[in-house]
Amino acid sequence: MKIFLRSVFILIVMGLTIGISSCSDDTTTPTPSADIMPLTTGSHYVYNVIRLDSLTGQRDLNAVQVDSMVVGGSSLKDGKTAYAFDVFRSNVKIRTDLYAKEGQTVWGYWQFIPPGIVLTELINTIIPQTRRWSKFADFNATTEWTIADTNVTGVSVPFNGTTIPLSSNISMKGKKLETSSVAINGASFPNTTKFELTLTLKPSITIFGNAFQVDPIVVKQYIWIAQNVGIVKEEFPALDLKVTIPGIEPIQFKGDGFVRELLRYSVK
């Protein structure tokens, strides 16, 4: 029984794995006016993406990739003016992200997991696949805000030829941390605001008619947005989860993270 519960938990948390994702480019061209996050067709951004080791949390400079993001045209999407950010890896397009801006807020058209984090089939079974607008940055915020909050029930997770009933509360909250000047890859970005996103899963599994509450699974992500530039840095820290279920010893799980840092950009 203990081994069975441990295996189920490991399958769940292993779903939170990282996808680290090129177009080339030139010099920085900041716009003259104060813009919290430029959304302009033809702009592009190039990033270093560095793996964060699961055991140490430190950067693995032997595992560096390059992302490029090219801003396309705008369209109306679920009531907002959305700009398409085509994402390339090794000059191959891997996905398109949608962003919108309203006043002092920035929105992403997301599932419950922000783009760039790849989910396994198991986690995709648990988390709703429908996308909706998520307010991940609010420059006027003084307290944290709710990005998403829902309960998932009636989910059956496949395991060893059978299925396990599972339910979960899934919530995501945003928080404005600070505004300062930051230095990234030799460039200085004044008026850069750091935001924290917190995803919390509170699963409950039912085995042999008994419900077991699993300790909350908390995943953090940080985003730095520089005025007149856009996103200059993102960090998904290495996972270090410890879950306790009554009657069995604590279960530990570690997983890689990543940090994405701006190399060069052009704002049109």
Side-chain angles (χ1 to χ4, degrees), residues 16-31 35-53 57-72 82-101 106-110 113-119 134 136-137 177 179-197 219-238 255-268:
L16 294 165
T17 58
I18 309 308
I20 57 179
S21 21
S22 243
C23 157
S24 52
D25 293 283
D26 30 85
T27 57
T28 63
T29 53
T31 56
D35 189 337
I36 59 171
M37 182 170 164
L39 298 177
T40 50
T41 301
S43 297
H44 63 257
Y45 303 84
V46 181
Y47 299 87
N48 261 348
V49 185
I50 307 168
R51 185 181 76 90
L52 300 178
D53 184 77
Q58 300 301 306
R59 299 180 179 212
D60 179 2
L61 297 181
N62 294 316
V64 180
Q65 295 183 339
V66 177
D67 279 357
S68 293
M69 302 181 76
V70 180
V71 186
Y83 281 82
F85 281 60
D86 290 331
V87 183
F88 294 83
R89 178 192 304 161
S90 300
N91 293 318
V92 176
K93 181 178 174 180
I94 59 173
R95 68 174 192 271
T96 298
D97 300 333
L98 297 180
Y99 292 96
K101 180 172 56 179
V106 187
W107 302 68
Y109 198 66
W110 295 349
I113 301 289
I117 302 172
V118 177
L119 304 177
S134 299
F136 67 89
L177 296 182
T179 300
S180 63
S181 179
V182 301
I184 300 174
N185 291 318
S188 179
F189 298 96
N191 298 317
T192 297
T193 304
K194 180 181 180 181
F195 295 93
E196 177 186 74
L197 307 181
V219 181
K220 298 279 189 178
Q221 185 181 18
Y222 299 93
I223 301 176
W224 288 256
I225 303 177
Q227 181 177 284
N228 296 329
V229 179
I231 296 175
V232 295
K233 181 178 177 179
E234 294 180 76
E235 182 175 348
F236 182 86
D256 289 343
F258 72 81
V259 60
R260 178 184 287 119
E261 294 180 329
L262 190 63
L263 278 173
R264 54 191 180 273
Y265 70 99
S266 174
V267 174
K268 301 298 183 181

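Worth knowing before you read on, the calculation uses all heavy atoms, side chains too, and leaves out hydrogens, waters and symmetry mates. Values in this document were obtained by computation on a predicted structure and should not be read as measured data.
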Run the salt bridge (charged side-chain N to carboxylate O under 4.0 Å, His left out) test against Lys194 and tell me which residues pass, sequence neighbours left out.
none
Any side-chain heavy-atom pair from Ile36 and Lys101 closer than 4.5 angstrom?
yes
Taken to the nearest 0.5 Å, the spacing of Ile94 CD1 from Arg89 CZ works out to 4.0 Å
Euclidean distance, Phe236 CZ relative to Arg51 CZ, rounded to 0.5 Å:
13.5 Å
All heavy atoms of Ala238 vs all of Asp53, minimum pair found to be CB-O, 3.5 Å
Val106 and Phe136, any side-chain heavy atoms less than 4.5 Å apart
yes
Report the C-alpha separation of Thr192 and Lys233 in whole Å, then their side-chain angles, then the decisive distance to 0.1 Å, and conclude whether the side chain to side chain contact (heavy atoms under 4.5 Å, CB included) test is met.
CA-CA 10 Å; Thr192 297; Lys233 181 178 177 179; over 6 Å; no
Sequence neighbours left out, what passes side-chain contact (heavy atoms from CB on, under 4.5 Å) with Asn191? Give chain and number order.
Gln227
Residues which pass side-chain contact (heavy atoms from CB on, under 4.5 Å) with Thr41, listed by chain and number, not counting sequence neighbours
Tyr83
All side chain to side chain donor-acceptor pair (under 3.5 Å) counterparts of Thr96, not counting sequence neighbours
Asp86, Lys93
With rounding to the nearest 0.5 angstrom, report the CG to CG distance, Asp256 to Asp60.
8.0 Å
Measure the shortest side-chain to side-chain distance between Thr40 and Asp35 over non-hydrogen atoms and say whether it is less than 4.5 angstrom.
no
Assess the residue pair Asn228 and Val267 against the criterion (side chain to side chain contact (heavy atoms under 4.5 Å, CB included)); give the C-alpha distance rounded to whole Å, side-chain angles, the decisive distance to 0.1 Å, and a yes or no.
CA-CA 8 Å; Asn228 296 329; Val267 174; over 6 Å; no
Kindly compute the distance separating CE (Met69) from OH (Tyr265), expressed to the nearest 0.5 Å.
15.5 Å
Can you confirm whether or not the ring centre of Tyr99 sits under 6.0 Å from the ring centre of Phe85?
yes
Heavy atoms only: give me the nearest Ser68-Val46 pair and the separation to one decimal.
OG-CG2, 3.8 Å
Residue list, ring-ring contact (aromatic ring centres under 6.0 Å, His included) with Tyr45, at least two apart or on another chain:
none
List the residues meeting side-chain contact (heavy atoms from CB on, under 4.5 Å) with Glu196, not counting sequence neighbours, and say none if there are none.
Lys175, Leu177, Thr198, Lys220, Tyr222
Taking side chain as C-beta onward, heavy atoms only, is Lys268 less than 4.5 Å from Val71?
no
What residues form a side-chain contact (heavy atoms from CB on, under 4.5 Å) with Ser134, not counting sequence neighbours?
Trp110, Arg132, Ile147
Identify the two heavy atoms, one from Ser188 and one from Ser181, that lie closest to each other, and give their separation to 0.1 Å.
OG-OG, 3.4 Å
Contacts of Glu235 that satisfy side chain to side chain donor-acceptor pair (under 3.5 Å) - sequence neighbours left out
none
At what distance, to the nearest 0.5 angstrom, does OG1 of Thr179 lie from CZ of Phe195?
7.0 Å
By side chain to side chain donor-acceptor pair (under 3.5 Å), Asn48 pairs with (sequence neighbours left out) none
The test is side chain to side chain contact (heavy atoms under 4.5 Å, CB included); show your working for Asn185 and Leu262 and say whether it passes.
CA-CA 7 Å; Asn185 291 318; Leu262 190 63; 5.7 Å; no
Quick one: pull up CD in Glu261 and CZ in Arg59 and give me the separation to the nearest 0.5 Å.
4.0 Å
